[in-house]
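Scroll down for the structure; my scribbles are underneath it.
As the structure is a computational prediction, the values presented were derived from the model and not from experiment. Index from 1, following the sequence.
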Amino acid sequence: MSCSCGHQHTNATLLAESDADKEAIADLTRQAKAESGPMATLIRARRDQLKAEVKAEEAFAKALKTSAIDLSKTIEAAINTGRVQSILGYNDQQLLEFILQSGLGLAVDEFIEQTDLIRQAVQESISAIKADVNFSAIASDMEAIQAITAQTVFDDVILPPVKKGIAESLRDVMLEVPSTVIASNLQLKLERSTGRQLTQIKTEISSYGRSINAAVAEQAGLDHYLYTGPKDGITRPFCRQLINLVVDKQQMNKLNNGQGLSVLISGGGYNCRHSWSPVSEGFIEAANLTKATSSDITRANAKAKR
């Protein structure tokens, strides 16, 4: 199966992405050890942010598998007891409550816990650059970003295949397909949706971290961003051109990852493992960082289109 980014999602692909995340974390750990002072703190915070993102994704993967099994069993029991019509008539809110009780409730709790850790990692990286940031001033903004991300994940990613699967189960009930077959088909359809869902969930979780970064940067008055993350064999050409470079807001607006996604919020695009770390002019000078030129921006955009 494939997602909108064009990647084929087999078990091998999902395993490869998991290995890539582990290598990215290991690479950031090596980078942090090679640095000292605020720069090391910034990289460690980015590593911890990625760890929290990966843990949230893993929780969803486990919950989606459990939910597919539990939902199929629930539908089978409902058919056998004549209760299927009530389930099939659920509105979105009732359906959401239904699937939360069928394995995804634990994923919600894990998601909230990990997004809290992502926020904490972002705050640590900002504090390494500017110690006097008033995080409480934008607490409500960060909570709103968290709530919007959670709603997007469930409304746009989790609910659609469940609704479609249940609708098709109704059709099969009308055709007098055996309940065991209906349940088995539903479980299979939901499991086949997992690869695409996890790609979207991964993208939303990463976008959440970058959105928090952007909100905090605005509060701190930081308008330069250092592109941080691994530089390995699967790094996109677009990202490879930007790693360890600092861009300002004007340059950020000119960047195009070729995927129709905001570079500030989505980095290189789907499954991107890189992040924008807000930095001050003083930090740029002290850490001897390199500012991107217009030629760097042009090269990155050109690589994104290949």
Side-chain angles (χ1 to χ4, degrees), residues 23-51 53 118-135 206-207 209-257 262-269 272-304:
E23 175 53 33
I25 290 170
D27 186 48
L28 287 168
T29 299
R30 289 191 291 270
Q31 290 183 34
K33 288 181 178 179
E35 298 289 348
S36 61
M39 189 64 183
T41 300
L42 185 152
I43 295 174
R44 283 195 298 268
R46 170 54 191 147
R47 177 203 60 193
D48 293 344
Q49 180 182 334
L50 182 56
K51 282 183 177 180
E53 291 173 2
I118 291 170
R119 182 198 300 190
Q120 180 180 331
V122 169
Q123 292 182 181
E124 287 176 0
S125 66
I126 296 292
S127 295
I129 306 302
K130 192 173 182 181
D132 60 347
V133 180
N134 182 10
F135 294 111
S206 297
S207 296
R210 297 189 192 97
S211 296
I212 292 293
N213 249 324
V216 175
E218 189 70 24
Q219 164 64 24
L222 300 174
D223 55 8
H224 286 78
Y225 293 84
L226 171 67
Y227 203 48
T228 58
K231 192 171 185 177
D232 51 31
I234 63 173
T235 298
R236 283 184 176 92
F238 171 83
C239 294
R240 188 174 293 276
Q241 295 297 316
L242 296 170
I243 293 173
N244 296 330
L245 290 181
V246 176
V247 306
D248 58 31
K249 280 188 175 181
Q250 185 176 7
Q251 291 173 319
M252 181 77 75
N253 292 334
K254 293 180 180 179
L255 284 170
N256 182 357
N257 54 31
S262 164
V263 174
L264 177 60
I265 304 303
S266 300
C272 182
R273 297 164 297 141
H274 299 86
S275 185
W276 294 107
S277 299
V279 290
S280 64
E281 286 282 6
F283 185 86
I284 294 170
E285 182 177 351
N288 196 29
L289 299 178
T290 302
K291 290 185 177 181
T293 65
S294 58
S295 296
D296 291 321
I297 303 303
T298 298
R299 279 194 293 269
N301 290 341
K303 291 292 184 180

Output the distance between atom SG (C239) and atom CZ (R273), rounded to the nearest 0.5 Å. 8.5 Å
Under 3.5 Å, side-chain donor or acceptor atoms of residues 127-135 against the rest of the protein: list the pairs with distances, not counting sequence neighbours.
from: S127; atom 1: OG; to: Q123; atom 2: O; distance (Å): 2.8
from: K130; atom 1: NZ; to: A220; atom 2: O; distance (Å): 2.6
from: N134; atom 1: OD1; to: S136; atom 2: N; distance (Å): 3.4
from: N134; atom 1: OD1; to: S136; atom 2: OG; distance (Å): 2.6

Among all residues two or more places apart in sequence or in another chain, which pass the salt bridge (Lys or Arg N to Asp or Glu O under 4.0 Å) test with R46? E53
Return the minimal non-hydrogen interatomic distance between G268 and N257, and the atom names on each side. O-CB, 3.6 Å
Please enumerate all residues that pass salt bridge (Lys or Arg N to Asp or Glu O under 4.0 Å) together with D48, with sequence neighbours excluded. none
Could you report the tightest heavy-atom contact between S206 and C272, atom names first, then the distance? OG-O, 4.0 Å
Does the side chain of F283 come within less than 4.5 Å of L222's, by heavy atoms? no
Applying the side-chain contact (heavy atoms from CB on, under 4.5 Å) criterion to W276, which one of V263, N213, V246 satisfies it? V263
Criterion side-chain contact (heavy atoms from CB on, under 4.5 Å) on M39 and L226, from CA distance to verdict: CA-CA 11 Å; M39 189 64 183; L226 171 67; 3.6 Å; yes
Donor-acceptor contact present, side-chain N301 to main-chain N256, <3.5 Å: yes
Can you measure from CD (E23) to CG (L28) and round to the nearest 0.5 angstrom? 9.5 Å
Show the numbers, then the answer: is there a side-chain contact (heavy atoms from CB on, under 4.5 Å) between Q250 and N253? CA-CA 5 Å; Q250 185 176 7; N253 292 334; 5.6 Å; no
Partners passing side chain to side chain contact (heavy atoms under 4.5 Å, CB included) against S262 (at least two apart in sequence or in another chain): L264, I265
Identify, with sequence neighbours excluded, every residue that meets side chain to side chain donor-acceptor pair (under 3.5 Å) alongside Q241. none
Extract all donor-acceptor atom pairs below 3.5 Å that involve side chains of residues 293-300 and protein atoms in other chains or at least two apart in sequence.
from: T293; atom 1: OG1; to: S295; atom 2: N; distance (Å): 3.3
from: T293; atom 1: OG1; to: D296; atom 2: N; distance (Å): 3.2
from: T293; atom 1: OG1; to: D296; atom 2: OD2; distance (Å): 3.2
from: D296; atom 1: OD1; to: R299; atom 2: NH2; distance (Å): 2.6
from: D296; atom 1: OD2; to: T293; atom 2: N; distance (Å): 2.9
from: T298; atom 1: OG1; to: S294; atom 2: O; distance (Å): 3.0

Is a side-chain N or O of S125 found less than 3.5 angstrom from the main chain of V122, in a donor-acceptor match? yes
For I243, which residues count as a side chain to side chain contact (heavy atoms under 4.5 Å, CB included) partner, sequence neighbours excluded? Y227, K231, T235, H274
For Y225 against P278, the heavy-atom pair lying closest together: CE2-CG, 3.8 Å
Residues that A32 engages under side chain to side chain contact (heavy atoms under 4.5 Å, CB included), provided they are two or more places apart: I43, R44
Residues in side chain to side chain donor-acceptor pair (under 3.5 Å) with E124, at least two apart? Q120
Mind listing the closest non-hydrogen atom pair of F238 and A304 along with its distance? CD1-CB, 3.6 Å
Can you tell me how far the OG atom of S275 sits from the CD1 atom of I212, to the nearest 0.5 Å? 11.5 Å
What residue pairs, at least two apart or across chains, pass side chain to side chain donor-acceptor pair (under 3.5 Å) with a residue in residues 277-287? T228-S277, E281-K291
Return the CD1 to NZ distance between I25 and K51, rounded to the nearest 0.5 Å. 6.5 Å
Tell me the salt bridge (Lys or Arg N to Asp or Glu O under 4.0 Å) pairs involving residues 238-251, sequence neighbours left out? E218-K249
